[in-house]
Q: 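First the structure, then my questions, so here it is.
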Protein chains: 2
Amino acid sequence: MIKRKVNNMLALAVLSLLHEKPMHPYEISATMKQRGIPDVIKLNNGSLYSTVESLLKQKWIVPLQTEREGKHPERTIYSPTDAGREGFHEWLRELIYSPVKEYPHFPAALSLIGHIAPQETIQLFHQRIGYIQKDIVERRAGIELVLAKGLARIFIAESQFIVHQLESELNWLQSFVRDIKDGSMTELQDGEQVWKYSVPVFEDEL
Amino acid sequence: MIKRKVNNMLALAVLSLLHEKPMHPYEISATMKQRGIPDVIKLNNGSLYSTVESLLKQKWIVPLQTEREGKHPERTIYSPTDAGREGFHEWLRELIYSPVKEYPHFPAALSLIGHIAPQETIQLFHQRIGYIQKDIVERRAGIELVLAKGLARIFIAESQFIVHQLESELNWLQSFVRDIKDGSMTELQDGEQVWKYSVPVFEDEL
DNA sequence: CATCGCATAGTCCATTTCGACTATACGAAA
DNA sequence: TTTCGTATAGTCGAAATGGACTATGCGATG
């Protein structure tokens with residue numbers, strides 16, 4: 001995995017938009033919102049302007065012109081350089097073919113699940129299941145809407161992927177709840193259901 | 001979703017360890033490595049010390065004593081406060097029941113897949129499939145090893161979840177490749193396979 | 001006709017994060 | 001005996017991030 005200087009997804013999105021047409025940062029931001037990019041790439045003002053700054057430093061974009069309208073602040077319109085276009089494509093390819101190490105919160109929390117009693121765990125899982133189900137329904141509706149407008153399937157690849165992964169998570173959550181309930185992971189201690197070998201500390205103490 | 005002051009997973013892991021026994025930061029780091037925590041929570045030196053600093057500021061931990069050995073730097077041993085223990089449990093519960101908005105790289109890249117030609121996309125997907133398959137095999141082996149040592153299933157919940165999600169991704173990748181190959185998403189243009197409605201820019205230009 | 005809210009366009013700065021660096025101790029190899 | 005690698009324990013500074021803030025224009029609404 002190459003060590004990239006500019007290495008945040010927002011920069012990738014910026015490049016992809018400038019690829020289409022030169023814009024000033026605010027227009028970039030507006031266009032992103034309109035296209036729903038903030039659903040998959042975190043967007044906020046501060047980061048955007050500082051990202052544009054780094055792209056500039058790396059010479060992946062150049063200011064094309066600056067203009068002003070009324071007494072609004074000056075707007076600088078940027079355009080990608082050849083290096084920027086190439087860098088964008090290579091980066092995008094790499095993101096597709098090579099999985100990146102990431103640290104989602106849920107598995108991290110799962111690794112500490114021993115700190116929560118089995119019965120409460122079941123409750124918490126049920127709540128999560130509810131949220132995920134709702135999310136799936138909403139995303140599916142969004143997909144239907146887009147397809148109804150006649151847009152090509154290529155534009156909803158990411159949504160379909162996300163829904164697919166959510167469904168998979170749902171299945172896992174439900175099967176884990178079943179496993180807790182059937183008692184293979186717990187035992188009775190002083191009239192309470194506890195995990196077998198509850199928390200790592202017990203190993204040290206034995 | 002509550003706005004937490006200390007809000008990085010490393011802090012959660014620190015609390016979970018101090019929960020077991022007071023330690024100095026270096027011992028925390030070493031214990032984490034030994035337990036494989038860096039697989040699910042990003043660990044690096046700088047972050048660890050600054051995380052401990054914030055936990056201290058929030059009064060979730062307190063220095064218990066400081067000692068020194070030879071001419072090594074002084075070691076400060078920390079212990080969780082009552083607020084720390086409570087905060088830890090509440091935080092952990094919340095992470096289980098409530099899905100957090102996250103921004104994994106792959107869906108972000110997928111949303112820009114229109115910038116890559118269908119044939120190359122197939123190639124890139126095949127590479128990714130290879131990496132994922134390898135990852136699954138390795139993780140499965142790791143799980144077998146842990147179970148062989150007689151550790152309870154509760155300790156590998158996160159690994160099983162991750163493998164489950166990887167398998168799901170694998171299925172999606174393979175089905176997407178099939179969809180590209182069967183031609184429903186592409187069309188012939190000047191003798192080349194291109195996406196139907198290749199890149200958003202074309203819409204504007206029509 | 002005043003003002004309320006939203007769109008426009010961006011700045012500022014406190015934290016966080018990350019990686020490189022410092023510096024000692026200590027056993028094994030050359 | 002020097003030197004090399006590794007473990008111990010942590011510091012430092014550049015860069016990224018996030019959110020609050022500034023300031024104007026402009027249409028709708030009471």
Side-chain angles (χ1 to χ4, degrees), chain A residues 1-14 17 22-34 38 41-58 60 63-78 100-103 105 108, chain B residues 1-14 17 22-34 38 41-58 60 63-78 100-103 105 108:
Chain A
M1 320 204 177
I2 296 144
K3 182 73 194 172
R4 234 168 266 286
K5 302 104 205 177
V6 181
N7 197 27
N8 75 86
M9 290 294 111
L10 193 48
L12 190 75
V14 167
L17 291 195
M23 300 184 203
H24 54 92
Y26 188 82
E27 188 179 0
I28 293 173
S29 164
T31 309
M32 283 183 183
K33 281 172 190 159
Q34 180 202 331
I41 294 176
K42 199 167 3 180
L43 169 62
N44 69 29
N45 254 346
S47 304
L48 178 61
Y49 285 90
S50 97
T51 292
V52 165
E53 214 57 37
S54 356
L55 283 172
L56 207 52
K57 230 189 293 178
Q58 301 303 317
W60 277 21
L64 201 62
Q65 48 167 307
T66 70
E67 47 176 55
R68 88 181 322 159
E69 214 166 290
K71 281 187 186 161
H72 283 298
E74 222 176 37
R75 300 183 303 194
T76 303
I77 295 177
Y78 297 94
V100 173
K101 184 146 188 55
E102 284 171 325
Y103 299 87
H105 287 192
Chain B
M1 327 216 167
I2 295 144
K3 183 72 197 176
R4 236 168 261 290
K5 303 102 204 177
V6 181
N7 196 27
N8 75 87
M9 291 294 111
L10 193 49
L12 189 77
V14 166
L17 292 194
M23 302 184 201
H24 54 92
Y26 188 82
E27 189 180 359
I28 293 174
S29 164
T31 309
M32 282 183 184
K33 281 172 190 158
Q34 181 203 329
I41 294 176
K42 199 170 0 182
L43 168 62
N44 68 31
N45 254 346
S47 304
L48 178 61
Y49 285 89
S50 97
T51 292
V52 165
E53 214 55 37
S54 357
L55 283 172
L56 205 52
K57 232 187 290 176
Q58 301 302 316
W60 277 20
L64 201 62
Q65 49 167 307
T66 69
E67 47 178 56
R68 85 179 326 155
E69 216 167 289
K71 280 185 187 162
H72 283 298
E74 223 176 38
R75 301 183 303 194
T76 303
I77 294 177
Y78 297 94
V100 173
K101 184 149 189 53
E102 286 171 324
Y103 300 86
H105 287 191

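Note that the structure is predicted; figures quoted are calculated from it, not measured. Throughout, protein chains are lettered first and strands after them, A, B, ... in sequence-line order, and every chain is numbered starting at 1. All values below were derived from every heavy atom in this structure, side-chain atoms included, with hydrogens, water molecules and symmetry-related copies excluded.
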Q: Just the rounded figure in Å: distance from P of dT16(C) to CG of N44(B).
A: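 N44(B) atom CG is separated from dT16(C) atom P by 15 Å.
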
Q: List for me each residue that meets side-chain hydrogen bond (donor to acceptor under 3.5 Å, both in side chains) alongside N45(B), sequence neighbours excluded, and say none if there are none.
A: none

Q: Would you say K42(B) and M9(B) make side-chain contact, with heavy atoms under 4.5 Å?
A: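 K42(B) does not reach M9(B) side chain to side chain.
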
Q: Heavy-atom distance under 4.5 Å between the side chains of T66(A) and R75(A), does that happen here?
A: no

Q: I77(A) has an atom CD1; how far is it from atom C1' of dG10(C), in whole Å?
A: 15 Å

Q: Rounded to whole angstrom units, what separation is found between the CG atom of L56(A) and the P atom of dG10(C)?
A: 13 Å

Q: Whole angstrom is fine here: how far is it from CD in E53(B) over to P in dT17(C)?
A: 14 Å

Q: Give the B/S/- string for nucleotides 8-15 of chain D, one per nucleotide from 5' to 3', where a protein heavy atom under 4.0 Å of the base yields B, of only the sugar-phosphate yields S, and otherwise -.
A: BBBBB---

Q: What is the distance, rounded to the nearest whole Å, between atom CG of N8(A) and atom P of dT17(C)?
A: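 The answer, rounded to whole Å, is 15 Å.
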
Q: Within less than 4.0 Å of OP1 or OP2 of dG18(D), is there a side-chain N or O belonging to S47(A)?
A: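 Looking at the OP1 and OP2 atoms of dG18(D), one of them is under 4.0 Å from a side-chain N or O of S47(A).
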
Q: Rounding to a whole Å, what distance do you find between K42(A):NZ and dA16(D):P?
A: 15 Å

Q: Restricting to non-hydrogen atoms, name the atom on Y49(B) and the atom on Y26(B) that form the minimum distance, rounded to 0.1 Å.
A: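 Closest heavy-atom pair between Y49(B) and Y26(B): OH-N, 3.9 Å.
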
Q: Under the criterion side chain to side chain contact (heavy atoms under 4.5 Å, CB included), which of I28(B), L64(B), V52(B) is the partner of Y78(B)?
A: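 So the option named by the test is V52(B).
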
Q: Grab the two heavy atoms, one from P38(B) and one from M32(B), that are nearest each other, plus how far apart they are.
A: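 In terms of heavy atoms, the two residues are closest at CD-O, 3.3 Å.
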
Q: Can you check the I41(A) CD1 to dT17(D) C1' distance for me, whole Å?
A: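 Between C1' of dT17(D) and CD1 of I41(A): 16 Å.
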
Q: Rounded to the nearest Å, what distance is computed from the CG atom of residue N7(B) to the P atom of nucleotide dA16(D)?
A: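 Taking atom P of dA16(D) as the reference, CG of N7(B) is at 21 Å.
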
